[in-house]
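So that the names make sense, note that chain A is the first sequence line, chain B the second, and so on, each numbered from 1.
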Protein chains: 2
Amino acid sequence: MTSLSDEQTLVVLRAQGRRVTLQRKLLLEVVRQGEGHLDADEIYRRAREQDPRISLSTVYRNLNLLKELGLISEVHLDQEHHHYELRDAKEHYHLICRDCDRVVEFHSPLVGKLMDQISGEKDFSIERVHIDLVGLCGDCGGSKSG
Amino acid sequence: MTSLSDEQTLVVLRAQGRRVTLQRKLLLEVVRQGEGHLDADEIYRRAREQDPRISLSTVYRNLNLLKELGLISEVHLDQEHHHYELRDAKEHYHLICRDCDRVVEFHSPLVGKLMDQISGEKDFSIERVHIDLVGLCGDCGGSKSG
DNA sequence: AATGTAATTGCCAACCATTTGCAGAAGGAT
DNA sequence: ATCCTTCTGCAAATGGTTGGCAATTACATT
């Protein structure tokens with residue numbers, strides 16, 4: 001399992017005393033289907049296709065709410081926009097092509113080792129890890145096979 | 001040596017056909033002395049102490065220019081502001097306390113290993129690495145010694 | 001099913017960091 | 001010293017995000 005189902009997510013909402021509105025259900029669906037790489041405006045655009053009356057404020061308000069509840073996370077892929085993704089049980093990191101903007105997710109056991117090492121060395125307890133590796137993908141001339 | 005001296009930086013400017021202005025010299029000095037964790041507005045404030053006539057536009061324009069030329073880099077410590085630092089020969093990463101906002105820089109050989117591993121696995125050539133580890137520092141209750 | 005009520009929405013204006021247009025100032029080659 | 005072009009300062013524009021408020025809606029209670 002990589003992330004909560006929309007249904008489970010709604011249960012969390014309820015547990016926090018928040019209401020389950022049509023808009024929230026819709027937004028969760030959109031964020032889920034966006035697979036992690038939609039910004040607020042794109043989420044708004046897609047949500048409108050289902051419900052043309054939804055407002056941009058509602059999108060922002062709910063992205064912030066869901067973020068506070070820890071149900072989605074905000075990703076900084078570039079300096080321009082924040083992207084949103086359902087929060088995974090298993091964290092992942094990003095490999096970003098600076099030419100075509102392709103984003104590839106990765107995970108590696110080295111990350112855990114790094115956390116342990118730095119955590120001990122600097123006396124921190126680490127809760128979240130953000131890693132972005134920026135470069136050129138194979139198609140954009142970055143690989144050694146090119 | 002960790003980063004270019006201001007003088008060397010100015011040489012790069014000249015080499016790119018850009019002019020060496022008083023404002024640019026001043027901004028480089030401020031960014032250098034800020035040691036990597038000033039946002040645009042703070043840079044503006046400090047620059048004004050030296051030259052009260054400098055404008056915020058000039059600050060932004062030059063931060064962007066210096067960034068394009070690769071002389072400084074933009075760091076996303078939080079969602080609010082971008083911070084700027086002289087670009088180091090040796091990259092470093094950030095350990096951030098979510099409570100007191102303290103930022104500790106770190107480096108580890110594991111990062112190089114991670115780059116090699118992922119680079120090979122995913123066929124990317126990696127140019128830049130951003131790592132932020134967010135958690136609680138010892139003082140804020142995060143350490144195992146508490 | 002109808003009611004009460006507090007959370008939520010949509011609309012619109014405000015906000016604030018950043019960018020842009022333009023006229024005047026200044027770097028730097030000659 | 002002159003000329004040409006880049007750069008600056010100012011002020012207005014931009015664009016993503018937030019906030020106020022009246023109308024709407026979720027949902028617990030009856």
Side-chain angles (χ1 to χ4, degrees), chain A residues 6-7 9-31 38-69 71-72 74-84, chain B residues 6-7 9-31 38-69 71-72 74-84:
Chain A
D6 283 357
E7 193 122 336
T9 304
L10 296 178
V11 169
V12 173
L13 263 185
R14 294 264 55 245
Q16 301 286 333
R18 300 319 188 100
R19 292 179 178 175
V20 175
T21 63
L22 287 174
Q23 292 89 337
R24 286 175 181 164
K25 286 195 266 191
L26 173 54
L27 289 172
L28 274 171
E29 207 181 296
V30 170
V31 171
L38 305 181
D39 62 17
D41 202 63
E42 182 62 27
I43 290 169
Y44 174 51
R45 223 170 295 129
R46 296 197 185 185
R48 287 184 104 167
E49 290 172 12
Q50 303 282 117
D51 171 9
R53 302 190 59 262
I54 197 172
S55 83
L56 187 52
S57 315
T58 297
V59 172
Y60 276 110
R61 274 191 291 237
N62 282 315
L63 289 176
N64 283 334
L65 174 65
L66 295 171
K67 194 174 52 170
E68 272 168 37
L69 298 183
L71 296 174
I72 64 176
E74 200 177 51
V75 183
H76 298 243
L77 291 179
D78 54 55
Q79 22 270 60
E80 306 312 320
H81 299 285
H82 300 157
H83 295 235
Y84 297 87
Chain B
D6 283 356
E7 193 121 336
T9 305
L10 297 177
V11 169
V12 172
L13 264 184
R14 295 262 58 245
Q16 300 286 331
R18 301 318 189 100
R19 291 179 179 174
V20 174
T21 64
L22 287 173
Q23 292 88 337
R24 285 175 183 164
K25 286 196 267 192
L26 173 54
L27 289 172
L28 275 171
E29 207 181 296
V30 170
V31 171
L38 305 181
D39 61 17
D41 202 63
E42 181 63 27
I43 290 168
Y44 174 51
R45 222 170 296 129
R46 296 197 186 184
R48 288 184 102 166
E49 290 171 11
Q50 303 282 116
D51 171 9
R53 302 189 58 262
I54 197 172
S55 84
L56 186 54
S57 317
T58 297
V59 172
Y60 276 110
R61 273 190 290 238
N62 283 315
L63 289 176
N64 282 336
L65 174 66
L66 295 171
K67 193 173 53 169
E68 273 168 37
L69 297 183
L71 297 174
I72 63 176
E74 199 177 53
V75 183
H76 299 244
L77 291 180
D78 55 53
Q79 20 271 58
E80 306 312 320
H81 298 283
H82 300 157
H83 295 235
Y84 297 87

* Asked: How long is the line joining CG of L69(A) and P of dT8(C), in whole Å?
  -> 10 Å
* Classify the nucleic acid contact of D41(B) as base, sugar-phosphate or nothing, counting any heavy atom under 4.0 Å across all strands shown. => nothing
* Asked: OP1, OP2 of dG10(C) versus side-chain N and O of Q23(A): anything below 4.0 Å?
  -> yes
* Asked: Would you say R14(A)'s side chain and V20(A)'s backbone share a donor-acceptor pair under 3.5 angstrom?
  -> no
* Please test V31(B) against L38(B) for side-chain contact (heavy atoms from CB on, under 4.5 Å), starting from the C-alpha separation and ending with a verdict. => CA-CA 7 Å; V31(B) 171; L38(B) 305 181; over 6 Å; no
* Asked: How many Å lie between CG on N64(A) and C1' on dT8(C), as a whole number?
  -> 15 Å
* Asked: Rounded to the Å, how far apart are H82(B) NE2 and dT19(C) P?
  -> 9 Å
* **Integer-rounded Å distance: dG28(C) C1' and L13(B) CG** => 14 Å
* Asked: Starting at the 5' end of DNA chain C and moving along, which residue's nearest nucleotide shows up first, V59(A) or R18(B)?
  -> V59(A)
* dA25(C) C1' sits how many Å from L22(B) CG, rounded? -> 12 Å
* Select base, sugar-phosphate, or nothing to describe what L56(A) touches, counting heavy atoms under 4.0 Å on all strands. => base
* Asked: L28(A) CG to dT8(C) P: how many Å, rounded?
  -> 14 Å
* To do: Determine whether any donor atom in the side chain of R61(A) lies under 3.5 Å from an acceptor atom in the base of dG10(C), or the reverse, and answer yes or no.
  => yes
* Asked: Picking from dG9(D), dT9(C), dT8(D), which would you name as closest to the side chain of D51(B)?
  -> dG9(D)
* Atom-pair distance (CZ on R24(B); P on dA26(C)), nearest Å -> 15 Å
* For the pair N62(B) (side chain) and L65(B) (backbone), establish whether a donor and an acceptor sit closer than 3.5 Å, ignoring hydrogens and angles. => no
* To do: Look at the side-chain N and O atoms of T21(A) and state whether any lies under 4.0 Å from the OP1 or OP2 oxygen of dA7(C).
  => no
* To do: Kindly say if S55(B) contacts the phosphate of dT8(D), meaning a side-chain N or O under 4.0 Å from OP1 or OP2.
  => no
* Taking the side chain as every heavy atom from C-beta outward, state whether R24(A) and L27(A) have any pair of such atoms under 4.5 Å apart. => no
* Asked: At under 4.0 Å between heavy atoms, what does R53(A) touch on the DNA or RNA strands: base, sugar-phosphate, or nothing?
  -> sugar-phosphate
* Asked: Would you say a side-chain N or O of N62(B) is under 4.0 Å from OP1 or OP2 of dC7(D)?
  -> no
* Output yes when R46(A) and E49(A) qualify as a salt bridge under the 4.0 Å nitrogen-oxygen rule, no when they do not. => no
* Asked: Between L65(B) and S57(A), which has a closest nucleotide on DNA chain D that is more 5'?
  -> L65(B)
* Of the listed nucleotides dA26(D), dG27(C), dA28(D), the one nearest the side chain of R19(B) -> dG27(C)
* Structure fact -> Separation of dT24(D) atom C1' from I54(A) atom CD1, nearest Å, is 14 Å
